[in-house]
Amino acid sequence: MEFDLENPLTSSQDLHSHAVASLFQAENHHMPSIDYCGILDSVDCDVSFRRQAISSILQMSSSFDPFLSYLAINYLDRFLSRSEMPSEKPWILRLLAVSCVSLAAKMKKTEFSLADFQGEGGFIFDSETIMRMEILVLGALKWRMRSVTPFSFISFFISLFKLKDPPLLEALKARVIEIILKSQKEIKLLQFKPSIIAASTLLYACHELFPLQFPCFMTAISNCPYVNKENMLCCYSAVREMEIKEFDSLYGVVSSSSSPVNVLDRHCLSSESEKSHTMGAESDVKRRKISVFL
């Protein structure tokens with residue numbers, strides 16, 4: 001069976017056949033090396049190189065399908081985890097980013113020209129140079145371009161639930177996809193298998209959208225024989241931390257002194273103070289008027 005990044009399980013019958021087992025078995029071959037996450041945590045220059053490369057990939061592929069950039073970053077991480085790059089040469093970073101985007105576009109059968117990715121200014125590479133870099137990337141990937149990603153497992157895990165309402169299913173899928181796309185930047189999540197990331201993001205989205213049914217969803221996924229519950233809970237915590245961090249960056253950290261309750265308390269106290277001040281002022285005016293008539 002050929003793997004499709006977005007929907008490798010093409011029919012409901014496939015969801016409970018040997019295809020599911022082969023999908024879980026194959027995912028290990030489409031991940032960065034085991035020690036990649038640890039290396040990024042310990043070496044600042046490697047983290048910086050990866051961050052800049054991801055930024056370049058997102059910029060180059062901004063006008064294309066977001067799954068294309070996800071696939072390109074998947075290639076990038078798998079390559080970096082198995083190859084040493086001279087990070088002191090900035091042109092190498094750009095060449096690698098262009099090559100990963102080019103490979104992803106070819107894999108997705110997206111029409112493009114190298115000019116679409118390279119833009120204006122900066123380093124411009126000819127097709128031969130890019131092709132040589134692509135071959136290096138493919139060698140590190142062992143020519144496994146049809147990556148098994150978290151998207152590959154969404155349909156399977158959703159099939160474990162008892163959601164029958166199409167609008168609810170669509171809303172759930174959309175939220176899961178949104179979280180997965182963001183999760184690729186998070187270094188902590190690189191240590192987890194694609195299936196674990198899919199299960200964790202699905203649970204997080206379920207908790208947001210269907211909090212009352214969350215225990216049922218948790219039980220359904222926890223009982224899945226392909227899922228390591230301990231790893232899933234660790235990944236779920238990492239996803240939750242990522243979402244909280246994003247919320248804080250967008251809206252600012254809500255300190256204990258600025259909690260919603262305290263804000264309302266201060267507002268009420270302020271209103272009462274203003275009301276008392278106004279009533280006091282009105283009383284003073286009345287007293288002055290009375291004294292005049294006396």
Side-chain angles (χ1 to χ4, degrees), residues 3-8 30-32 36 40 46-83 85 87 89-141 143-154 173-187 189-190 194 197-198 201 242 246 249:
F3 288 107
D4 184 330
L5 176 66
E6 300 173 39
N7 186 26
H30 299 263
M31 294 176 59
Y36 181 53
L40 289 176
D46 288 348
V47 174
S48 177
F49 186 92
R50 178 181 185 266
R51 187 184 301 116
Q52 293 177 56
I54 289 177
S55 178
S56 295
I57 287 174
L58 293 175
Q59 183 179 6
M60 293 174 191
S61 57
S62 60
S63 60
F64 294 92
D65 182 346
F67 292 105
L68 190 151
S69 60
Y70 190 96
L71 186 58
I73 296 172
N74 174 271
Y75 293 162
L76 171 75
D77 281 325
R78 289 163 61 193
F79 175 78
L80 290 178
S81 72
R82 296 172 175 85
S83 308
M85 296 297 293
S87 55
K89 298 180 179 179
W91 61 268
I92 286 286
L93 183 151
R94 185 169 177 81
L95 176 59
L96 176 59
V98 170
S99 300
C100 288
V101 173
S102 174
L103 286 172
K106 291 173 182 177
M107 189 62 208
K108 294 280 293 173
K109 296 183 179 179
T110 302
E111 294 185 7
F112 71 97
S113 68
L114 293 177
D116 295 333
F117 300 149
Q118 303 201 65
E120 299 178 359
F123 299 102
I124 303 296
F125 306 101
D126 58 42
S127 58
E128 185 177 346
T129 301
I130 294 173
M131 186 176 297
R132 287 201 300 268
M133 188 72 230
E134 287 178 350
I135 291 173
L136 288 177
V137 173
L138 289 171
L141 270 55
W143 292 80
R144 293 188 177 107
M145 295 178 67
R146 189 176 289 276
S147 296
V148 178
T149 71
F151 302 110
S152 307
F153 299 92
I154 294 176
K173 288 181 181 178
R175 180 58 179 143
V176 171
I177 289 172
E178 180 186 2
I179 298 173
I180 291 175
L181 288 172
K182 290 186 294 185
S183 72
Q184 202 175 28
K185 300 178 185 177
E186 193 67 30
I187 293 176
L189 293 173
L190 291 171
I197 295 175
T201 53
M242 176 190 73
E246 183 189 33
S249 67

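Both backbone and side-chain heavy atoms feed into the values below; hydrogens, waters and symmetry mates do not.
- Taking every heavy atom of both residues into account, Ala140 and Arg82 meet most closely at O-CD, 3.4 Å.
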Review point. Checking side-chain contact (heavy atoms from CB on, under 4.5 Å) for the pair Met107/Tyr75: CA distance, chi angles, key distance, verdict?
Key: CA-CA 11 Å; Met107 189 62 208; Tyr75 293 162; 3.6 Å; yes

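- Panel note: side chain Ser56, backbone Gln52; a donor-acceptor pair is recorded below 3.5 Å.
- Side-chain contact between Val137 and Met133 is present, with heavy atoms from C-beta onward closer than 4.5 Å.
- Summarising the local packing, NZ of Lys182 is surrounded by more than 12 heavy atoms from other residues, nucleotides or ligands at distances under 6.0 Å.
- Judged by distance alone, the side chain of Arg78 and the main-chain N or O of Arg144 form a donor-acceptor pair under 3.5 Å.
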Check your understanding: Can Glu186 and Ile197 be said to form a side-chain contact (heavy atoms from CB on, under 4.5 Å), step by step?
Key -> CA-CA 12 Å; Glu186 193 67 30; Ile197 295 175; over 6 Å; no

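- Contact annotation: the side chain of Val148 approaches that of Phe153 to within less than 4.5 Å [non-hydrogen atoms, C-beta and beyond].
- Around the CD atom of Glu246, the shell of radius 6.0 Å holds more than 12 heavy atoms that belong to other residues, nucleotides or ligands.
- The shortest distance between side-chain heavy atoms of Pro194 and His30 does not fall below 4.5 Å.
- Two residues are said to be in side-chain contact when any heavy atoms from C-beta on lie closer than 4.5 Å; Arg175 and Ile179 meet this criterion.
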Practice item. Starting from the C-alpha separation in whole Å, work towards a yes-or-no answer on side-chain contact (heavy atoms from CB on, under 4.5 Å) for Thr110 and Asp65. Key: CA-CA 9 Å; Thr110 302; Asp65 182 346; 5.8 Å; no

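- Contact detail for Met242 and Ser183: the closest heavy-atom pair is SD-CA, 3.6 Å.
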Check your understanding: Is there a side-chain contact (heavy atoms from CB on, under 4.5 Å) between Ile124 and Leu114 once you walk through the steps?
Key -> CA-CA 9 Å; Ile124 303 296; Leu114 293 177; over 6 Å; no

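- Here the straight-line distance linking atom CE of Met145 with atom NZ of Lys108 works out to 12.0 Å at 0.5 Å rounding.
- In this structure, the side chains of Thr149 and Ile180 stay at 4.5 Å or more apart for every pair of heavy atoms.
- To the nearest 0.5 Å, the span separating OG on Ser81 from CG on Asp46 amounts to 11.5 Å.
- Of all the heavy atoms in Pro32 and Tyr36, the pair that sits closest is CB-CD2, 3.4 Å.
- Between Trp91 and Thr129 the shortest side-chain heavy-atom distance does not fall below 4.5 Å.
- Here Leu93 contributes atom CG and Ser48 contributes atom OG; the two are 8.5 Å apart, rounded to the nearest 0.5 Å.
- With sequence neighbours excluded, the residues satisfying side-chain hydrogen bond (donor to acceptor under 3.5 Å, both in side chains) with Ser113 are Asp116.
- A distance of 12.0 Å separates CD in Glu134 from CG in Leu141, rounded to the nearest 0.5 Å.
- Within the 3.5 Å criterion, the main-chain N or O of Leu80 finds no donor-acceptor partner in the side chain of Ser83.
- Residues Gln184 and Asn74 come closest through the heavy atom pair NE2-N, 3.3 Å.
- Here CG of Leu68 is found 10.0 Å from CD1 of Ile73. Values are rounded to the nearest 0.5 Å.
- Between Phe125 and Arg132, every side-chain heavy-atom pair lies at or beyond the 4.5 Å cut-off.
- Atom-to-atom distance recorded for Leu181:CG and Phe67:CZ is 6.0 Å, nearest 0.5 angstrom.
- The two atoms that bring Leu40 and Ile187 nearest to each other are CB-CG2, 4.1 Å, heavy atoms only.
- Aromatic ring centres of Tyr70 and Phe151: separated by under 6.0 Å.
- Across all non-hydrogen atoms, the minimal contact from Ser69 to Ser61 is CB-OG, 3.1 Å.
- Side-chain atoms of Ile154 and Ile177, non-hydrogen and from C-beta on, do get closer than 4.5 Å to each other.
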